[in-house]
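Okay, so here's the structure we're looking at.
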There are 2 protein chains.
Amino acid sequence: MNIQNDRGQKETSATQGAYLSIRDMILTGQLPAGDKLKIEKLRMMLNTGASPVREALSLLTSDMLVERIDQRGFRAAPASQSNFEEILMLRCSLEDMAVRMSVDKADSDWEDALVLSHHRMKKLAANGDATFEDAHKSFHMALLDNCGSPMLLKYCSQLYDLNIRYRYLAAGSESYQSRNIPAEHEEILSAAVQRDSALAADRLITHYRLTGEYLTAQLADI
Amino acid sequence: MNIQNDRGQKETSATQGAYLSIRDMILTGQLPAGDKLKIEKLRMMLNTGASPVREALSLLTSDMLVERIDQRGFRAAPASQSNFEEILMLRCSLEDMAVRMSVDKADSDWEDALVLSHHRMKKLAANGDATFEDAHKSFHMALLDNCGSPMLLKYCSQLYDLNIRYRYLAAGSESYQSRNIPAEHEEILSAAVQRDSALAADRLITHYRLTGEYLTAQLADI
DNA sequence: AAAATTAAAAATATCGATATTTCTTGACAC
DNA sequence: GTGTCAAGAAATATCGATATTTTTAATTTT
């Protein structure tokens, strides 16, 4: 078989497919925060059996995107202002650590990969669709990739995803963003390429704090 | 039915039971690092079906105690010197953050719970069995419990467990420990009760670093 | 003898069905 | 009218069986 899903990820197993699909639906808000996730319903939506769905939900539990309720099944993790602030705080701490380690150990292979991922992101521009989202995440992860700690990277990746969810949640309300985000990315890249880890970390954290303030404002009127 | 397992945790579901049992077997080294985890074998050992075992393994994957290999099942996460150092580094960073936040927000309820958990641990003494291990973890988690960030607590708890594993791994080789660990615990407790977050953090991190050095030495000759 | 091929065995992933548990609803008592 | 309880409905958790996939072992080919 080897069916491909919307975003073009080749699915090796039914479980993997269900995992990616459900994750996507939660991140984009297609499955709203706090909603009950009924096995039968998901089974139908994804055209698969109950076992892969259950296993996918188990995996998402550890990503903190799904909660398991004792003997009562699963639900999409609730979203709240305080949860968002927690994610922001942890991201700032962990990514600060990761980007410093990454830049401090910089070598030309890593630099090449970083420049490349920035270029790819730029080319797609902020069209807001899934391909840009992926490229954007790739750029941010490429920045941290050289830190040498797979576990730290995993945490950062997880927190990044949790944050995306709030971007989609806030997307509904209108508000003008006076920031120049591509420029912020360029500046972060530039600091990294100059091997100035403190500056890169500063700029990255500022980038997140600004987005955080923007999202907090948006979330307030939802 | 409501069977109870070795350690006296009442198991609500077969999955939960399998999860706790397998986790325990990996932490104590009964299932050695890197070993293939065959569903059938575990199914027999735990007297349960394949579904709960699979789901338990999925959950353990996110705890980083089990690895899933594409279409080839599961294996106990490998252990290595560098993995141990990574865990130690992350624990120091995250617990430093957590204990500061926790102590800075100290109130009498939290202080009571902390003193109580210390007392319980002391009473069991370091007999090395599972009940002491649980009490020891409870004390360390009680220290962080007031930090106000459930996610940070989850990470710390996860890292604590990953670390236990290396303690069991090193337990085989002989070496005299000149440290007075109960005294270190008392000092950490004392700093926390005095609401001196910087001192508490310092003492906690030193405590971990010392254990880290000891374990590193032990691991070397394995 | 080494490499490649293939057939058999083992293990995994998935399905469909069943046993439990939780949730809902309506009757009855107060 | 409100609260309790029981029966039925819905959903979950688990089991046993089957279809795939991977591994092993044996056979053939170079």
Side-chain angles (χ1 to χ4, degrees), chain A residues 1-5 9-23 25-26 31-78, chain B residues 1-5 9-23 25-26 30-63 65-78:
Chain A
M1 276 219 249
N2 213 7
I3 294 172
Q4 286 195 229
N5 89 357
Q9 298 128 331
K10 20 192 171 312
E11 298 162 13
T12 53
S13 66
T15 297
Q16 187 72 356
Y19 172 77
L20 292 172
S21 299
I22 298 175
R23 178 162 156 275
M25 289 192 283
I26 293 176
L31 289 173
D35 263 32
K36 186 100 212 301
L37 299 175
K38 294 192 186 147
I39 309 281
E40 189 62 15
K41 201 175 121 199
L42 292 170
R43 214 184 65 66
M44 302 294 231
M45 288 173 81
L46 306 175
N47 262 83
T48 183
S51 315
V53 170
R54 280 191 71 79
E55 222 171 297
L57 290 174
S58 281
L59 292 170
L60 287 164
T61 292
S62 333
D63 292 343
M64 292 179 282
L65 283 169
V66 166
E67 285 183 358
R68 137 177 270 142
I69 343 173
D70 194 33
Q71 210 101 357
R72 249 153 288 173
F74 303 86
R75 85 169 133 214
Chain B
M1 274 222 245
N2 212 7
I3 294 172
Q4 287 195 231
N5 91 356
Q9 298 128 329
K10 24 196 170 309
E11 296 161 13
T12 52
S13 66
T15 297
Q16 187 71 358
Y19 171 78
L20 292 172
S21 299
I22 299 174
R23 176 161 157 276
M25 289 192 284
I26 294 176
Q30 205 179 325
L31 289 173
D35 263 32
K36 186 103 210 307
L37 299 176
K38 294 189 187 150
I39 308 282
E40 189 62 17
K41 201 174 120 200
L42 291 170
R43 213 184 64 66
M44 302 294 230
M45 287 173 81
L46 307 175
N47 261 83
T48 183
S51 314
V53 170
R54 280 189 71 78
E55 224 172 296
L57 290 173
S58 281
L59 291 169
L60 287 163
T61 293
S62 333
D63 293 344
L65 283 168
V66 165
E67 284 183 359
R68 134 176 273 143
I69 343 171
D70 194 33
Q71 211 102 356
R72 249 155 287 174
F74 302 86
R75 86 171 132 212

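So that the names make sense, note that chain A is the first sequence line, chain B the second, and so on, each numbered from 1.
As judged by a 4.0 angstrom heavy-atom cut-off over every strand, B/K41 is placed among residues making no nucleic acid contact.
C/dA9 atom P lies 17 Å from atom CD of B/E40, rounded to whole Å. As a whole-Å value, the separation of B/K36 NZ from D/dT21 P is 16 Å.
A distance of 10.5 Å separates CG of A/L42 from OG1 of A/T48, quoted to the nearest 0.5 Å.
Of all non-hydrogen atoms in A/A18 and A/P52, the two that sit nearest each other are CB-O, 4.1 Å. Summarising the geometry of B/L59 relative to A/S58, their closest heavy-atom pair is CD2-O, 3.7 Å, with the distance given to 0.1 Å.
Listed by first then second residue, pairs satisfying salt bridge (charged side-chain N to carboxylate O under 4.0 Å, His left out) with a partner in residues 13-22 of chain A number zero, not counting sequence neighbours.
Using a 4.0 Å cut-off between a side-chain N of Lys or Arg and a carboxylate O of Asp or Glu, B/E67 and B/K36 do not qualify as a salt bridge.
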Heteroatom pairs (N/O) under 3.5 angstrom, protein to nucleotides 13-16 of chain C:
residue : atom : partner : partner atom : Å
C/dA13  : OP2  : B/R54   : NH1          : 2.4
C/dA13  : OP2  : B/R54   : NH2          : 3.0
C/dT14  : OP1  : A/A14   : N            : 2.4
C/dT14  : OP2  : A/T15   : OG1          : 2.7
C/dC15  : OP2  : A/G49   : N            : 2.8
C/dC15  : N4   : A/S51   : OG           : 3.3

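In terms of phosphate contacts, B/K38 brings no side-chain nitrogen or oxygen within less than 4.0 Å of OP1 or OP2 of D/dT23.
Counting heavy atoms from C-beta outward, A/V66 and A/R75 have side chains that stay 4.5 Å or more apart.
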